[in-house]
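Throughout, a chain's letter reflects where its sequence line sits, starting with A, and its residues are numbered from 1. Here the structure is a predicted model, which means the values were calculated and not measured.
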Amino acid sequence: VKIYDVAQLRRQALWLITYRNGLSSIAFSPDGQRLLAASPDYLWEWDATTGELLSRSLVPGLRNLTRMTYTDDGRWLVISHPRSLTVLDAQTLRVVVADLPLPTQAPTDAFAVTAGQDHQLIIGTRSLLTSIDMDPQRWKTSACQLVGRDLSKDEWNRFLPAIPFAPACG
Amino acid sequence: VEEDFLTAATATADAERLRQEHAHAHQVRRNRQLRGALATVAALLAVSLMAGTVAGLRGREAEAAAGRADAAAVDAVAARLAATALSEPNPGLSLLLARQAVAISESPTTQGALLNGLMNAQGLQWLAQARWGPNTDTFDHTFTPDGRALLHLNSLSELQTLDTKTGFSLHGALAGTTWGGPSWQHGWAGYPGGLIEGGRVAVLSHARPKTAVDPSTEQPSKDEASIELLPIDVATGDPAGPAQRVPGAKYVFGDAVVEHGDRLRISPNGRTVVSVLEGHVRIWQRRGGSWVGPQSVPIPWLAPADAEGNVLVGATFAAAGDRASIMFNQIGSVADEGPTGVVVDLKRARLIGPSLPEGRASALSHMAISPDGSMLLLGDSEGPVRVRRVADNQELYAIPGQSPATVVTWSPDGSQVAIGRLDGTSEVYSLNPLRRIMVSSGSDRVSVLAFVGEHGLAAESITGSIARYDLAALSPVATQLATAPIHAVDAAAGLIAVGEDDGRVTIRDVRTLGRIGQKLSLGPYAGRDRRPDMAAGRRVTALALTPDGSAIIAADRIGHLRMWSLPGHELLWSRDDAPTAWLAISPDGRYLATAGNTFQGGLPDGVPLTSSFTVWDLSTHTPRLSEDLTDARLHPRPGSGADQAPTPRAVAFTPDGSKLALPSPTSTAS
């Protein structure tokens with residue numbers, strides 16, 4: 001990775017990171033504090049000002065990464081693969097949804113991913129433009145509306161026997 | 001009774017096994033996630049236990065530690081519930097469990113399970129397995145309008161009504177279709193002719209030899225059979241009236257001719273019967289309790305040699321019953337050319353609209369006329385599905401697809417279409433604008449597909465797997481739009497910019513995904529070269545909107561770089577010498593960074609010659625900073641394809657626009 005100072009129009013790199021297998025994608029965190037780069041196996045995270053390595057995370061599927069983006073709220077980091085998405089918690093870089101399938105019809109689907117506005121994620125494939133709502137608060141409402149009912153007492157006792165009955169959809 | 005009980009018990013066991021098999025493919029992926037989640041649970045429990053131990057040992061910190069232990073235990077319960085949700089096969093329950101996990105403890109782990117559940121919510125209500133053998137013929141099965149029963153023909157030519165929820169036959173083989181007749185009857189003894197009276201009555205087409213079968217040859221002594229219609233009450237399986245004679249309808253066989261005959265299809269209003277025989281569409285009308293006809297409509301473009309073995313394979317009717325689309329095939333044709341189709345005006349007994357498909361290079365796989373009779377839905381054996389106006393054959397919508405469309409159908413109100421494909425995929429689109437509503441995957445060819453009930457979709461695969469979907473229970477978190485292949489996308493200021501093939505750029509609304517204005521083009525490109533390498537060069541590989549949405553910059557890998565104003569589409573800046581793989585606009589809108597390669601031969605699958613990046617000042621459109629990234633050890637590298645080309649693979653500005661980062665895929669050490 002080479003970092004250039006654009007404001008000063010300086011030609012030389014501010015700092016330089018090398019990784020022997022090459023880096024396939026790069027992104028600044030929305031607050032500008034951290035720089036993230038993907039190599040075939042690891043996600044590397046540096047302090048964007050000093051170049052100090054902050055973390056190195058083993059993430060499956062980086063080898064066939066097509067794009068990488070933060071959501072506009074900085075909460076999620078989304079990595080696209082030819083046929084699926086991986087969603088990571090942007091703070092910890094832990095995978096929260098691996099292999100989230102997007103309906104595509106050919107392995108050659110080129111994924112193009114970008115953050116929209118208001119927690120939206122925009123994904124382009126060979127045959128579809130998809131917008132995913134990445135706001136966890138709205139997921140809660142959506143899930144209840146979608147199912148249109150709540151956990152029954154029997155279901156609750158089956159899955160949460162030790163906890164008092166308090167279904168979430170209310 | 002005992003035997004019935006045993007049969008039922010075995011069948012229940014079979015159904016359970018099948019259900020598990022279906023769930024299995026889904027679970028493979030879920031289980032992977034489950035393992036990860038369970039590891040998390042174990043770790044959290046360990047933390048919880050440790051915290052508890054610590055609390056016991058250190059008196060003064062006991063209270064605080066106990067609090068931490070409780071929190072960790074709650075997190076562990078939530079994480080375990082989220083993991084359970086991932087492996088729960090019932091989609092509704094799975095989603096409720098994930099939702100409950102979030103309520104117990106809101107963490108990225110539980111939220112992730114909830115997102116997974118929402119994205120997988122494809123409205124599947126149930127799966128059943130047809131218990132009477134797999135399908136034999138693609139277009140002969142029909143779901144009742146309420147979706148409760150399926151008129152099903154098995155490989156023994158037995159016709160049944162199946163309960164779609166269990167897959168069991170409701171009444172056994174329907175009248176006149178029990179296997180066991182002479183072999184010539186195979187395939188003709190009983191045929192589903194369609195459903196009438198709102199699906200309450202099934203009409204069977206039934207061949208009846210005109211003379212007795214000769215016991216020595218097991219062949220009828222005359223080479224023709226007449227065909228009659230049998231109405232069957234779907235609810236009881238009993239005849240709903242006497243057999244109806246259809247004058248002139250016949251089945252022809254013998255040594256001299258290819259076996260063929262009238263395969264009758266009845267319109268849902270019960271007033272018209274159609275067939276295709278010997279190069280003619282044949283139409284009967286119901287008048288005064290009997291069938292009158294046939295009126296014969298020649299299919300003029302059909303060569304006489306092609307006409308003999310024509311047989312109807314499917315028909316759909318407009319709601320008013322005045323038009324039908326009819327598909328027919330060649331029996332015993334050497335080259336399996338697939339069906340051909342016509343649209344017929346049933347009142348005036350004439351063909352309308354163009355012949356389908358144009359010419360005999362048939363790519364038609366299935367067709368259906370819209371309920372109002374004005375549009376045709378045409379499935380293609382290559383994958384795309386088209387909606388065309390009957391009157392002038394103008395294409396109204398093109399729905400892309402890679403797997404051959406095996407069955408297409410309209411919703412009763414004509415606002416939606418459903419497509420079943422060879423690879424097992426079922427899709428639903430709404431029209432005006434074209435938007436994908438649902439997609440579900442399967443493993444075997446979809447052979448029957450129908451909109452049923454209030455907002456349901458029913459599908460049967462060639463292996464007899466019956467799926468029922470609720471279109472009102474589809475994931476609300478994802479909105480999908482069918483488009484041309486997309487190679488680049490950017491969003492800013494309420495707009496989405498999409499880069500497609502042939503240098504085309506589309507601007508869309510970020511909320512509705514609806515298109516704004518006309519398409520922009522990086523071209524015109526010289527000639528219409530369709531070589532893949534040329535096509536690759538013409539893709540819009542990179543684009544970006546200015547942060548305020550007032551302009552768009554797009555580029556391809558063979559040198560075209562364009563900047564247009566929005567929404568005016570005025571060309572602000574244009575270069576033909578800037579091959580670009582990636583580009584980014586600084587958040588303050590002052591700078592543009594581009595990175596790309598030049599190639600030997602000029603096309604992007606050639607040997608990459610140089611690699612560079614440039615920062616442009618957007619107020620003057622001049623380069624302000626550029627660097628040659630060409631690595632002498634890698635350029636040129638004979639035989640390396642585009643994927644190996646050491647292309648800079650991304651450029652990123654810091655949010656304050658002061659710095660720019662660029663990863664290089666080479667192994668340069670410096």
Side-chain angles (χ1 to χ4, degrees), chain A residues 1-7 9 11 16 18 20-28 30 32 35 37 48 87 89 94 96-100 103 105-106 110 112 114-117 120 122 124-133 136 139-140 142-147 151 155 159-160 167-169, chain B residues 29 33 81 84 92-93 95-97 99-100 102-103 108-109 111-112 114-116 118-119 121 400-403 436 439 473 476-483 485-491 496 498 510 513 591 615 624-625 649-650 652 654-656 658-663 665-667 669-670:
Chain A
V1 180
K2 297 179 182 186
I3 307 287
Y4 298 86
D5 190 324
V6 180
L9 294 180
R11 191 172 295 250
L16 190 63
T18 61
R20 76 191 147 80
N21 288 335
L23 297 167
S24 52
S25 193
I26 198 159
F28 283 102
L35 173 65
V87 181
D89 176 27
R94 233 181 48 196
V96 296
V97 190
D99 243 354
L100 186 67
Q105 289 165 333
T114 193
Q117 60 186 28
Q120 251 181 317
I122 311 288
T125 74
R126 200 180 158 87
S127 57
L128 286 176
L129 183 66
T130 303
S131 157
I132 299 180
D133 185 349
W139 296 344
K140 292 197 274 190
S142 295
C144 290
Q145 281 173 355
L146 192 55
V147 186
L151 280 175
E155 286 165 341
F159 293 103
L160 292 163
C169 290
Chain B
R29 183 170 54 77
Q33 295 165 335
L81 193 59
T84 310
L93 182 55
L95 206 47
L96 282 178
L97 294 175
R99 175 67 186 88
Q100 194 65 45
V102 169
T109 305
Q111 287 171 341
L114 187 56
L115 174 62
N116 196 64
L118 283 167
M119 288 296 289
Q402 267 71 49
S403 176
R436 175 140 97 178
V439 62
V477 302
T479 310
Q480 295 192 318
L481 189 80
T483 68
I486 295 172
H487 305 288
V489 61
D490 190 38
I496 304 175
V498 179
V510 77
L513 304 186
Y591 302 106
V615 178
R624 297 301 303 268
L625 169 65
R649 291 211 238 167
T654 52
D656 68 1
S658 71
K659 297 185 190 68
L660 172 78
L662 183 79
T666 69
S667 54
S670 43

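Taking chain B as the reference chain and counting heavy-atom pairs below 4.5 Å, the highest number among A/Pro30, A/Cys144, A/Ala143, A/Ser131 is found for A/Ser131. When each of A/Pro167, A/Ala27, A/Gly116 is checked for heavy-atom pairs under 4.5 Å with chain B, A/Pro167 comes out on top. For the options B/Val498, B/Asp490, B/Val102, B/Asp656, heavy-atom pairs under 4.5 Å to chain A are most numerous at B/Asp490. Here A/Ala168 is the residue among A/Pro136, A/Ala168, A/Cys169 with the most heavy-atom pairs under 4.5 Å with chain B.
Heavy atoms closer than 4.5 Å to chain A are found in both the backbone and the side chain of B/Leu660.
How far CG of A/Leu100 is from CG of B/Asn116: 6.0 Å, rounded to the nearest 0.5 Å. The line from CG of A/Leu129 to CZ of B/Arg436 is 12.0 Å long, rounded to the nearest 0.5 Å.
By the side chain to side chain contact (heavy atoms under 4.5 Å, CB included) test, A/Glu155 pairs with A/Arg149, A/Leu151, A/Ser152, B/Leu93, sequence neighbours left out. Taking the side-chain hydrogen bond (donor to acceptor under 3.5 Å, both in side chains) definition, one finds that B/Gln100 meets it with nothing, sequence neighbours left out.
The closest side-chain heavy-atom distance from B/Thr109 to A/Arg94 is below 4.5 Å.
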